[in-house]
Amino acid sequence: MNSRDIMAIASARLLQDHQRVLVGVGTPNIAANIAKRLHAPNLVMIYESGVIDAMPKKLPLSIGDGTLVDEALAVLPMGELFSHYLQTGWIDIGFLGAAQIDSRGNLNSTVIGPYTHPKVRLAGSGGAADIACHLPHTRDRFAPRLDFITSPGHPRHGAHPDGRGPWRVVTDLGVFGFDECGEMVCLALMPGHTYEEILDHSGWQIPRAAALEQVPEPSSREVQTLHALYSTLPGGGK
Amino acid sequence: MTIYLAGFSHLIPFAAGHELIRQRRQHLTLCRATPDLVYDQMIAAGVANRVVFSYAGNPGVGLLPAFRRAVETGQIAIDEYTHFEMVARLEAGAAGLPFWPLRSPATDLASYHAHHTVVCPYTGEEISTVPALVPDVTVVHVQAADEQGNLYVEGLVGEMREAALAARIVLATAEKIYPAGSFRSARSSLLLPGFRVSAVAAVPFGAHPSYAAGLYERDSAFYQAWTAIARDAEYCQRWLEEWIYGTENHQEYLAKLGQQKLDMLQMGEPHE
């Protein structure tokens, strides 16, 4: 089990049955597919490529894979999905990856360094919208100030009033939420990691919840499900 | 000239993109929500001086090396949006309107291109807008066309229809061209009526290495191999020499791929 696998399993547990989730590329896609096969069989997986209620037989390599279409309830033009479903609030939760995050949950998946003279040019926004996010925990990535705001977090003064904005952040070190002011708080530690480690790997002092929890180790069922998913990849995965 | 090769991961008009490379076109503005490998190849070949896009990744693999290099060294200009903004730009173009209103999040992207809001005349609400995108030419690749140029698609359509309807000229490549009227009973899979399409060419495997649902799978091995090819500028030029400039046309490109490879993609990769 590498740290990405544990992140995928820990964030899969955050998804609830019957939720309509907009699934992003990378680890979120693995996590949503684990949740769907375990505790959330009625999870409605929505992909920005236009797929509504995907039931992929294989682990999709990308969000435009044919396996997402095969048993799907519907395939919509992208414009329709963004206009008629996302913009109007019919999607419960978004699940995204990013290169950088700050204390307000703003995400950067666009560029490292100045936008006009980038050090590393990343893929850019795509459909990054409602947010739950997911990234390896390092000082570069947990930054006091982002190089670029791709997806907005909580507004500068206070949290989003109506429950919108980022809800949970999952990294290889812990699980984080946001307090009533919209500031990030450490809620739980990943197996084998400490709060001190999180402070060492973050660009600002992330406060801890009064009752800091431990993320339970992956269960054998979770591990089996993940491996079964990987085995559907070309060449048996790895 | 502004070109849009449409299709989200699926039915990407690679054969058309390769032909633009062979013809050594230059100074094109290339638009695509997801530039994908097709624009990475075209950028590496020096076809583009501007890219209009919303997500520049190699789907399921990582980034686009030639695009990255060109942006990081300032060789191409970019005009960047979110997916929603990109399709909204096409909606405006397709509807013949100068702009499209949308609820778009306040991000740093807005500081890098003209960003105007309008006040709703009915409610007084302030709403973001994006300008219409009107490509000179949009190219689509479809599973089937008929002799009248009617185009039919199964599976993901992405932004194909809006990108085509927004364009002045629509060109199509099709896996196969059928007799007129063959699909009258399959009207829900019509992408565009023939009167909106300027020309259609039969180009089997015209979307390789992307896929055509029901006909052949994505060449995932090539998508994975592209990172190593494109990361090294010289290796990338050698690849273009061998596979694009070095082939007369798409049939030669397919012959070079080999029948065994094509058969494998048609059957789908074995599982379990």
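Because the structure is predicted, anything quoted here is derived from the model rather than measured. Lettering follows sequence order; numbering is per chain, from 1. Only this structure's heavy atoms are used, side chains among them; waters, hydrogens and symmetry mates stay out.
- Among the candidates B:G155, B:G158, B:G57, the residue making the largest number of heavy-atom pairs closer than 4.5 Å to chain A is B:G158.
- Using a 4.5 Å cut-off between heavy atoms, B:L64 does not touch chain A at all.
- Both the backbone and the side chain of B:L102 come within less than 4.5 Å of a heavy atom of chain A.
- For B:Y211, the part lying near chain A is the side chain, with the backbone staying farther off; criterion is any non-hydrogen pair under 4.5 Å.
- Heavy-atom distances place no part of A:K57 under 4.5 Å from chain B, backbone and side chain included.
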**OP:** Check the pair A:Y115, B:I78 against side chain to side chain contact (heavy atoms under 4.5 Å, CB included), reporting the backbone distance first and the verdict last.
**Re:** CA-CA 11 Å; A:Y115 184 76; B:I78 55 172; 3.6 Å; yes
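- At a 4.5 Å heavy-atom cutoff, the contact between A:T110 and chain B is made by side-chain atoms alone.
- The contact between B:E72 and chain A is made by backbone and side chain atoms together, counting heavy-atom distances below 4.5 Å.
- Taking CZ from B:F53 and OG from A:S125, the interatomic distance works out to 10.0 Å, rounded to the nearest 0.5 Å.
- The residues A:R121 and B:E80 are annotated as salt-bridged, a charged nitrogen and a carboxylate oxygen being separated by less than 4.0 angstrom.
- Both the backbone and the side chain of A:V120 have a heavy atom closer than 4.5 Å to some heavy atom of chain B.
- In this structure, the separation between OH on B:Y223 and OG on A:S62 is 8.5 Å, given to the nearest 0.5 Å.
- Expressed to the nearest 0.5 Å, how far CD of A:E48 lies from NE2 of B:H83 amounts to 4.0 Å.
- In terms of non-hydrogen atom pairs under 4.5 Å with chain A, the most contact-rich of B:R161, B:R103, B:R69 is B:R103.
- B:F8 has its side chain within reach of A:I63: a pair of non-hydrogen atoms, C-beta onward, lies under 4.5 Å apart.
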